[in-house]
Amino acid sequence: MRYAIVGSDEFITIATTRPETILGDTAVCVNPKDERYKHLHGKKAIVPMVNREVPIIADDYVEMEFGTGCLKVTPAHDMNDFMLGEKHGLEVINMMNDNGTISEAGQLYIGMDRFEVRTKIAEDLTASGNLVKAEDLINKVGFSERSDAVVEPRLSLQWFVDMKELSKPALDHVMNEDIKFFPSKFKNSYRNWMENIKDWCISRQLWWGHRIPAWYSADGSFVVAKTQEEAIREFQSKGIAADATSIRQDEDVLDTWFSSWLWPISVFDGFYKKEEIDYYYPTNDLVTAPEIMFFWVARMIIAGYEYKGDLPFRNVYYTGIVRDKQGRKMSKSLGNSPDPIDLMKIYGADGVRVGMLLSSPAGNDLLFDESLCEQGRNFANKIWNAFRLVNSWESKVQPDAAQSPAAAVAVRWMQSRFNTVLTQLNDDYEKFRINEALMNTYKLVWDDFCAWYLEMVKPPFGSAMDKTTYEASVEILENLLKVLHPFMPFLTEEIWQFLRPREEGKGSICLATWPTPGAIDEQLTKQFDTFSEVVIGVRNIRKDKNIPNKEKVKLLVKTSASADTTFDAVVMHLCNIESIEYVDDKPGSCYSFVMTGTEYFVPFTANVDVEAERAKIQQELTYLQGFLKSVESKLNNERFVSKAPADVLEVERKKQSDTLAKIHMLEEQLASL
RNA sequence: GGGAGCAUAGCUCAGCUGGUUCAGAGCAUCUGCCUUACAAGCAGAGGGUCACAGGUUCGAACCCUGUUGCUCCCA
């Protein structure tokens with residue numbers, strides 16, 4: 001469109017996608033550096049159709065390369081134009097009604113819809129010779145999420161809360177960690193928001209909500225009051241005439257967060273009653289989504305300090321957002337959320353719960369995948385089967401049966417192991433590493449309890465179970481149920497009830513106390529590590545050499561240290577070994593494996609492939625020699641030796657000596673084959 | 001436009017103060033097993049240029065700079 005310049009026959013051309021808004025134009029703006037328009041600074045232009053004279057102003061805001069480099073300014077109908085208007089003291093003409101039709105202030109097309117006017121005004125501009133060119137282009141237009149109407153910026157009167165002073169304590173107390181965020185990375189965006197906080201617009205043009213308690217009198221002044229009667233008294237005390245017919249309440253309602261920010265207080269009815277809020281406030285943990293950190297969390301903290309003079313909660317745990325496999329947020333409107341009830345029918349409530357939690361690291365999104373629920377169900381099934389096994393022993397218990405050495409060490413180890421993991425779990429929870437707590441619980445139950453402990457104490461087919469081991473097993477399982485309970489409330493309750501008779505009405509696992517870690521036997525832990533490697537070593541030999549599990553084998557041990565027989569009974573039990581013998585000399589004709597300072601031998605059975613044995617040992621040798629080389633190159637590096645701390649050096653030297661010893665043993669073996 | 005964050009195995013993620021074999025887990029994959037709690041299971045195995053390019057350091061997935069790609073929040 002072209003705008004005539006006052007006092008000359010020159011025109012200035014401006015591009016717009018909303019030509020109807022020229023009815024509200026109050027300036028034309030160019031970039032001060034733009035040579036094309038320098039001579040126009042301070043002059044006036046005539047807005048077409050309404051023939052209003054408006055100033056031509058200069059501002060850096062205008063991009064010279066965009067469009068014609070010349071901007072029409074409509075402060076009432078564009079946010080950036082509004083800012084220009086404030087800066088340059090421009091007139092504001094609100095040319096649109098709130099139903100999207102042209103208002104009286106627009107002068108022309110009054111009462112017509114804005115889209116009709118857009119077409120009509122193009123015709124009229126053409127007729128008057130002011131339309132230079134029309135072209136199709138694609139631009140970004142906002143649509144209402146609910147009604148799908150095109151959003152039209154329009155100047156309106158709103159209520160704001162001055163946040164500057166109000167928000168200061170909320171920033172400080174999060175920065176100094178009086179209130180902790182998990183994960184802490186959210187402190188950064190919180191600080192950025194709080195340091196640049198804007199006043200809070202609290203009025204909304206909606207039908208439903210808390211209505212703004214502001215009242216206007218006939219002369220346009222206002223008061224804030226709880227009721228109409230109070231408002232009238234308030235007006236009268238100011239000497240303003242007011243009665244029920246002459247005053248009216250603001251029709252706007254409050255932003256939904258304006259009640260939510262009081263939630264930590266109002267949930268205890270804390271503005272009116274003392275008893276509950278005095279007991280509970282401040283609470284411990286708030287669990288919520290990071291996307292409402294500003295809307296809700298920040299404002300609850302602000303309100304807490306403002307109205308209670310204290311923090312509302314100590315920790316804020318931000319969960320991830322559940323997304324579908326395409327990465328889209330799961331939402332009701334998209335309909336991409338699976339029905340949890342259907343999932344529960346397939347995987348069980350606990351299975352679905354575990355599946356979700358397994359992959360929900362704090363602050364990261366979770367891409368929902370049904371296979372996670374399947375994993376949860378499998379875990380539940382595993383626990384149930386473990387219970388079935390322990391439970392089956394009840395009838396096999398013989399009071400006078402002696403506890404086997406294997407079971408005795410297994411119980412001691414499992415108790416110690418439980419305490420180790422429990423300590424870890426407590427730390428995980430302390431740091432809100434919920435999914436790690438779950439994974440550690442999962443491994444404690446599946447690997448330590450089911451795969452190792454139960455196998456170690458399981459009596460051979462047809463044998464009796466002794467009372468000591470049975471009772472220890474029940475107690476261990478009870479403790480496991482307690483740590484599982486937060487993740488699998490239903491299953492653990494069910495088993496809890498079956499495991500022992502419980503007192504009517506008082507026997508729920510919900511009422512059980514979280515276990516406290518007992519002693520950890522470090523020595524036993526180390527012995528177990530060796531033991532488990534021996535078991536794996538024997539299993540590998542059986543597998544590689546096709547020695548059936550049913551066939552008993554012998555195990556020979558040659559060790560430079562004194563023999564440690566703590567776990568021997570368990571090795572025999574788990575690997576079907578008829579005897580373990582400690583020998584001084586390397587036996588011939590054996591399969592073997594090596595661990596630090598100790599060699600293990602299983603005598604050849606039928607069908608030995610000596611060549612294959614040799615190749616295997618050679619392969620391991622090659623690897624160890626390469627490793628030794630890398631360690632030694634480090635140790636031969638003078639700069640490493642002189643600068644690295646003593647303990648790091650010590651570790652490297654130990655690696656060197658261990659490796660040398662291993663290589664020596666393997667070479668001997670190779671020679672003896 | 002302003003701000004924050006992320007990039008490690010096929011997938012989802014750990015890796016906390018730079019230092020225990022050029023990296024761990026779960027799932028998935030592959031190979032063997034219906035071994036008396038569990039095949040929804042058991043025993044094993046393979047799989048990685050830690051986005052890319054520089055730099056600092058005796059030593060970098062980790063610290064610094066740049067590049068690329070992605071995500072979120074605000075206006």
Side-chain angles (χ1 to χ4, degrees), chain A residues 61 63 79-80 83 183-193 195-198 289-295 318 320-321 323 325 327 329 346-348 351 355 358-369 371-372 374-393 427 431 433 435-436 438-440 442-443 446-447 450-451 454-455 458-462 535-536 538-540 542-544 546 548-550 574 576 623-624 626-631 633-635 637-645 647-652 654-656 658-659 662:
Chain A
Y61 170 74
E63 283 180 48
M79 271 172 271
N80 294 315
M83 275 156 42
S184 60
K185 65 179 180 184
F186 287 116
K187 276 172 76 181
N188 290 336
S189 21
Y190 181 83
R191 185 183 58 221
N192 193 263
W193 196 75
E195 280 175 351
N196 300 292
I197 196 160
K198 303 212 165 53
E291 55 196 357
I292 54 174
M293 179 164 60
F294 306 125
F295 297 139
Y318 293 102
I321 297 166
R323 296 178 180 278
K325 278 204 136 178
K329 197 159 132 180
I346 302 168
Y347 304 107
L358 263 175
S359 194
S360 307
N364 281 346
D365 291 352
L366 159 63
L367 280 104
F368 180 76
D369 185 342
S371 72
L372 293 169
E374 194 181 340
Q375 194 184 347
R377 177 199 60 180
N378 293 356
F379 185 41
N381 196 45
K382 186 74 184 177
I383 297 165
W384 181 254
N385 280 314
F387 157 69
R388 278 180 51 216
L389 178 64
V390 172
N391 195 239
S392 74
W393 293 337
D427 186 57
K431 292 175 177 149
R433 297 172 169 221
N435 67 320
E436 278 184 49
L438 173 55
M439 190 43 73
N440 283 324
Y442 182 93
K443 287 194 274 193
W446 200 309
D447 298 344
C450 294
L454 290 179
E455 292 301 330
K458 189 157 77 175
F461 184 64
V535 170
I536 288 164
V538 175
R539 279 175 181 164
N540 279 333
R542 277 188 182 277
K543 188 178 157 76
D544 288 351
N546 286 316
N549 286 326
K550 283 173 189 156
L574 288 193
N576 196 20
Y623 170 77
L624 285 173
F627 175 57
L628 181 68
K629 208 173 147 194
S630 83
V631 172
S633 76
K634 235 188 234 185
L635 286 169
N637 181 344
E638 264 179 51
R639 290 196 295 179
F640 172 74
V641 178
S642 62
K643 291 204 179 182
D647 53 332
V648 174
L649 259 175
E650 192 47 46
V651 167
E652 292 301 319
K654 188 168 185 314
K655 279 191 215 167
Q656 185 186 30
D658 284 356
T659 310
K662 264 191 176 179

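Chain A is the first sequence line, chain B the second, and so forth, proteins listed ahead of strands; every chain is numbered from 1.
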Run the side chain to side chain contact (heavy atoms under 4.5 Å, CB included) test on A/Asn576 and A/Val538 for me, step by step, so that the C-alpha distance in whole Å, both residues' side-chain angles and the decisive distance to 0.1 Å come before the verdict.
CA-CA 10 Å; A/Asn576 196 20; A/Val538 175; over 6 Å; no

Counterpart base for B/U67, defined by Watson-Crick or G-U wobble contacts under 3.5 Å
B/A51

Rounded to whole angstroms, how far apart are CG on A/Asn435 and P on B/G15?
10 Å

Minimum-distance pair of heavy atoms, taken over all atoms of A/Ser189 and A/Met293:
OG-CE, 3.8 Å

In whole Å, I'd like the distance from the OH atom of A/Tyr442 to the C1' atom of B/U12.
14 Å

Starting at CG of A/Asn192, measure out to NZ of A/Lys187 and round the result to the nearest 0.5 Å.
14.5 Å

OP1, OP2 of B/U36 versus side-chain N and O of A/Lys458: anything below 4.0 Å?
no

Does the structure show a Watson-Crick or G-U wobble partner for B/U56, both distances under 3.5 Å? Name it, or say none.
none

For residues 374-387 of chain A, which side-chain donor-acceptor pairs fall under 3.5 Å, sequence neighbours excluded?
from     : atom 1 : to       : atom 2 : distance (Å)
A/Gln375 : NE2    : A/Tyr442 : OH     : 3.4
A/Asn385 : OD1    : A/Arg388 : NH1    : 2.7
A/Asn385 : ND2    : A/Asn381 : O      : 3.2

Below 4.0 Å: OP1/OP2 of B/G26 and any side-chain N or O of A/Lys443:
no

In whole Å, measure the gap between the P atoms of B/A43 and B/U36 for me.
15 Å

Report the distance from atom OH of A/Tyr318 to atom C1' of B/A4, rounded to the nearest whole Å.
13 Å

Grab the CE-P distance between A/Met293 and B/G5 for me, whole Å please.
11 Å

For nucleotides B/C50 and B/A7, find the distance between their C1' atoms and express it as a whole number of Å.
10 Å

Tell me: CG of A/Asn188 to P of B/C74, nearest whole Å?
17 Å

Integer angstrom distance from the C1' of B/U49 to that of B/A45:
23 Å

Sugar-phosphate only, base, or nothing, as touched by A/Tyr61 at under 4.0 Å among non-hydrogen atoms:
nothing

How would you label the contact of A/Trp393 with the nucleic acid (heavy atoms, under 4.0 Å): base, sugar-phosphate, or nothing?
nothing

Partners meeting side-chain contact (heavy atoms from CB on, under 4.5 Å) with A/Tyr61 (sequence neighbours left out):
A/Asp59, A/Leu71, A/Asn80, A/Leu84

So, under a plain 3.5 Å distance rule, would you say the side chain of A/Gln375 forms a donor-acceptor pair with the base of B/A28?
no

Look through every strand shown and name the nucleotide pairing with B/G26 as Watson-Crick or G-U wobble, where both distances are under 3.5 Å.
B/C11

Length of the line joining A/Lys431:NZ and B/C16:P, which is rounded to integer Å
11 Å

State the NZ-OG distance between A/Lys431 and A/Ser184, to the nearest 0.5 angstrom.
12.0 Å

Which base, if any, makes a Watson-Crick or G-U wobble pair with B/A40, both distances under 3.5 Å?
none

Within this structure, what is the OH-CD distance for the pair A/Tyr318 and A/Glu291, rounded to the nearest 0.5 Å?
11.5 Å

Pick base, sugar-phosphate or nothing for A/Arg377, based on heavy-atom distances below 4.0 Å to the nucleic acid.
base

Could you please name the partner base of B/U35, counting Watson-Crick and G-U wobble pairs only when both distances are under 3.5 Å?
none

Could you tell me whether the phosphate oxygens of B/C42, OP1 or OP2, come under 4.0 Å of any side-chain nitrogen or oxygen in A/Trp446?
yes

Using a heavy-atom cut-off of under 4.0 Å over every strand shown, decide if A/Glu195 touches base, sugar-phosphate, or nothing.
nothing

Classify A/Asn381 by what it touches in the nucleic acid, base, sugar-phosphate, or nothing, heavy-atom distance under 4.0 Å.
base

From C-beta outward on A/Phe295, which listed nucleotide comes closest to its side chain: B/G44, B/C74, B/C73?
B/C74

When the P atoms of B/G69 and B/C52 are considered, how many whole Å apart are they?
15 Å

Atom-to-atom span, CG of A/Asn196 to C1' of B/C74 - whole angstrom
10 Å

Would you measure the distance from the P atom in B/C63 across to the matching atom in B/C70 and give it in whole Å?
23 Å

Without decimals, in angstroms, what is the distance between A/Trp193 CH2 and B/C73 P?
14 Å

Closest to the A/Glu455 side chain, choosing from B/G26, B/A37, B/A43:
B/A37

Provide the distance between the two P atoms, one in B/C27 and one in B/C22, to the nearest whole Å.
26 Å

Counterpart base for B/G1, defined by Watson-Crick or G-U wobble contacts under 3.5 Å
B/C74

Classify the nucleic acid contact of A/Phe379 as base, sugar-phosphate or nothing, counting any heavy atom under 4.0 Å across all strands shown.
nothing

Categorize A/Glu436 for me: base, sugar-phosphate, or nothing, with a 4.0 angstrom heavy-atom threshold over every strand shown.
sugar-phosphate

Phosphate-side-chain proximity, A/Arg433 and B/A14, N/O vs OP1/OP2 below 4.0 Å
no

Proximal nucleotide (of B/A37, B/G44, B/A25) relative to the A/Leu389 side chain
B/A37

B/A28 versus B/U17 - spacing of their P atoms, nearest Å
33 Å

Taking the P atom in each of B/G19 and B/C64, what is the distance between them to the nearest angstrom?
15 Å

By nearest nucleotide on RNA chain B, pick out whichever of A/Ser371 and A/Arg388 is the more 5' one.
A/Ser371

